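For reference, the structure is listed below as structure tokens.
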There are 2 protein chains.
Amino acid sequence: MRKRATAKEVGEAAGVSKWTVIRAFKPGASITDEAKRKIMEAAEKLNYSPNLLARSLSTNVTHQVAVLVDDFANPQKLPFLESLTERLQAEGLVAMLININNHFDHVHALLNADQRLVDAIILLGTAFRDETLNDRRLGPGMPPMFVLARDSQIEGVPAVVCDAEVGLRDIVDHLHERGYRRPGFMTGASALSTALKRRHHFAEFWRQKGVDHIVDISAERYSHQDGAESARRYLQKTHAGERVDVLMCENDILAIGAMETARSEFGLRVPDDIAVVGFDNYELGGTPAFGLTTYEQPCREMVDLVVEMVTGKREGETISLPGKLVVRSST
Amino acid sequence: MRKRATAKEVGEAAGVSKWTVIRAFKPGASITDEAKRKIMEAAEKLNYSPNLLARSLSTNVTHQVAVLVDDFANPQKLPFLESLTERLQAEGLVAMLININNHFDHVHALLNADQRLVDAIILLGTAFRDETLNDRRLGPGMPPMFVLARDSQIEGVPAVVCDAEVGLRDIVDHLHERGYRRPGFMTGASALSTALKRRHHFAEFWRQKGVDHIVDISAERYSHQDGAESARRYLQKTHAGERVDVLMCENDILAIGAMETARSEFGLRVPDDIAVVGFDNYELGGTPAFGLTTYEQPCREMVDLVVEMVTGKREGETISLPGKLVVRSST
DNA sequence: AGCGATTTTGCACCCGGGTGCAAAATGTTT
DNA sequence: AAACATTTTGCACCCGGGTGCAAAATCGCT
């Protein structure tokens, strides 16, 4: 059983009381240089560092932030996790990564985070089901929550998102200009409001250009295989002439799956027979093999904003940031 | 300021002492059904749940495990993180994700984890520098550490890895059988002992087949761009006839970068002009666009084993698991 | 009913630090 | 040297729960 030195022990070694030791470790506390020196010496010898658990218990601040993730199939999560942990750590915070899945739902996760007294909860690209929202245990008293990279459906919970409206207008403008007229839209988990919102804007902008019909294709989850699978179903049941001429996918990973299937299983040329558009600008989508036209989310800025909200440097208020259309060979 | 109900308050509401409340929440504790019922009722009303921080302080068990990651460019981290968090959560543990980077080194991370009294530390595919090992603060008294998906260079710190020797023998056998005779090896961060070990085995098995010369190519980091960049440098300075006929890359993401560059910038056909092999079996490497031959690590089993070690269900001892050669069109 | 055995409950004190206040030590002024 | 101001230090008690033991309540049996 491992044993850490305590302030009391350091105090005995340095000939002062435990309170003086605690002061030595508190920046700006009133203490003589001499006492501090002796204490630091003793602390070094005993390998002492304050027990953060005990500190948190009395200050009610843990410097821990829960990060909820439910979709590990999307490689875009990785850059988000990277910047998020980096920025949090720069602020002296640490991320508790919580995996939402069939065995561990949002309610579990939130209650658990609350029980651990995290300072805040960040929902990274994850969305609630309605029943979750109504759980009465999740009332006030919860740690402050923030949604990153997805719309918040919860009142009082701010979100930092990439503006779907602006993004889809840019995309539709681009597609229309290139002459596409028979658009399709592939959603990942169609029950989610974000998916519906993006589809709504997509349809809306096409309507403004005189195109009323959107072909809907839906994949189970946001994964490469599901994108491939749903593209396969669609292509099997349609003939060359009647197909969409451009397929907009809710994210890059679906788009890559769809593109691959179209090319390798149906011999279609991209973009000549079918154009494909993604969303996220996943690194590999940009390689010559795919050349995927996509929309880049301003990942770093989004993360910066959430972290500012978490640390209280900025008021918690939903923010939509514009992204950037990245045109490549797939359109 | 949010306020959680305490055991004392629940006790007052239920007409018992705080100790009885605590017992009501401790499985197997001695308490009457009647008392438990009243307490649970009061707890529900007050939205009470035990404060895990306070509990940890006295039990010295936090149910938190630090997971150190330093390479977010490798998409393979995502499945590892997914299974790891899932398995840890199934055991009632939670992962603290710590990003090791230029601003936050291993020593920082370990001391921080220790100060938070984590139950264990998992190094996920990350390696120490020598100076880290010698830091005297990192002596005994640290939480138990485990290395996952990379060799451990630290005495007393067990690792769970995919067997590099078996893997590389399978790969070399396969390549030799296909007739390749001029092998090259691309390392990511060549300073790391794991990289050297893989390269060593690669060279060794070729030597047994009578091939003594291995071309070395090194990338800065394990990223798609660095793979592309270093392949570009190599291909620029060599002529068609003198080049390697097969390039083994330390992981899939490097391999994809190299393959893309060879094809799109140098017009080489894979595998005819140059064959490419990766390591990890990253999902997208398997798509028709790349068809990357690779070696699959038994990710789930590896995670299962580390988690068993963390929970003490298995003795902490370095384990090498065999993986599986996945042959596709790139060789 | 009475006595011992057993279960349930309350309590003192612990985990390791943080807080506000008062006592002690040091410094300044006349 | 006395009086006052200021800095430094120690202390009682707090954060919320856990532990072992003893008191209290309940049970079983004659």
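Bear in mind that the values here come from a model prediction, so they are computed numbers and not experimental data. Quick note on labels: first sequence line is chain A, next is B, and so on, each numbered from 1.
- Nucleotide dG17(C) holds its P atom 10 Å from the CD atom of Gln115(B), rounded to whole Å.
- Computed from coordinates, the Asn60(A) CG to dG17(C) P distance equals 18 Å when rounded to whole Å.
- Residue-level contact check: Ile31(A) touches the backbone only, with heavy atoms under 4.0 Å from sugar-phosphate atoms and none from bases.
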### Task
Show your reasoning for whether side-chain contact (heavy atoms from CB on, under 4.5 Å) applies to Thr6(B) and Asn51(B).
CA-CA 8 Å; Thr6(B) 69; Asn51(B) 181 328; over 6 Å; no
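- Contact between the side-chain N/O atoms of Lys8(A) and the OP1/OP2 oxygens of dC14(C) is not found at any separation under 4.0 Å.
- As a whole-Å value, the separation of Ile39(A) CD1 from dG17(C) P is 13 Å.
- Between Ala35(A) and Ala54(B), the residue whose closest nucleotide on DNA chain D is further toward the 5' end is Ala35(A).
- Counting non-hydrogen atoms of other residues, nucleotides and ligands closer than 6.0 Å to CD of Glu91(B) gives a total above 12.
- The only member of Val69(B), Leu148(B), Asp280(B) that meets side chain to side chain contact (heavy atoms under 4.5 Å, CB included) when paired with Phe80(B) is Leu148(B).
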### Message
Quick one, Leu123(A) with Phe146(A), criterion side-chain contact (heavy atoms from CB on, under 4.5 Å). Give me CA distance, side-chain angles, the key distance, then yes/no.
### Response
CA-CA 6 Å; Leu123(A) 302 162; Phe146(A) 304 90; over 6 Å; no
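- Atom CG in Leu53(A) sits about 12 Å away from atom C1' in dG16(D), given to the nearest Å.
- One atom, CD of Glu34(A), and another, P of dT8(D), lie 13 Å apart when rounded to the nearest Å.
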### Derivation of the side-chain contact (heavy atoms from CB on, under 4.5 Å) call for Val16(A) and Val21(A)
CA-CA 7 Å; Val16(A) 296; Val21(A) 174; 4.0 Å; yes
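- Scored by the side chain to side chain donor-acceptor pair (under 3.5 Å) test, Arg87(B) finds Asp304(B) as partners (sequence neighbours excluded).
- Separating the CG atom of Asp33(A) from the P atom of dT26(C) is a distance of 15 Å, rounded to the nearest angstrom.
- The stretch residues 12-28 of chain A comes close to DNA chain D through Ser17(A), Trp19(A), Thr20(A), Arg23(A), each having a heavy atom under 4.0 Å from the strand.
- Residue Thr32(A) is classed as a sugar-phosphate contact, given heavy-atom separations below 4.0 Å to backbone atoms only.
- Going from atom NZ of Lys36(A) over to atom P of dT9(D) covers 12 Å, rounded to whole Å.
- In summary, the side chains of Arg4(A) and Ser49(A) do present a donor paired with an acceptor at a separation below 3.5 Å, with no hydrogens or angles considered.
- OP1 or OP2 of dT8(C) sits under 4.0 Å from a side-chain N or O of Ser30(B).
- If you measure from atom NZ of Lys3(B) to atom P of dC15(D), you get 7 Å, rounded to the nearest angstrom.
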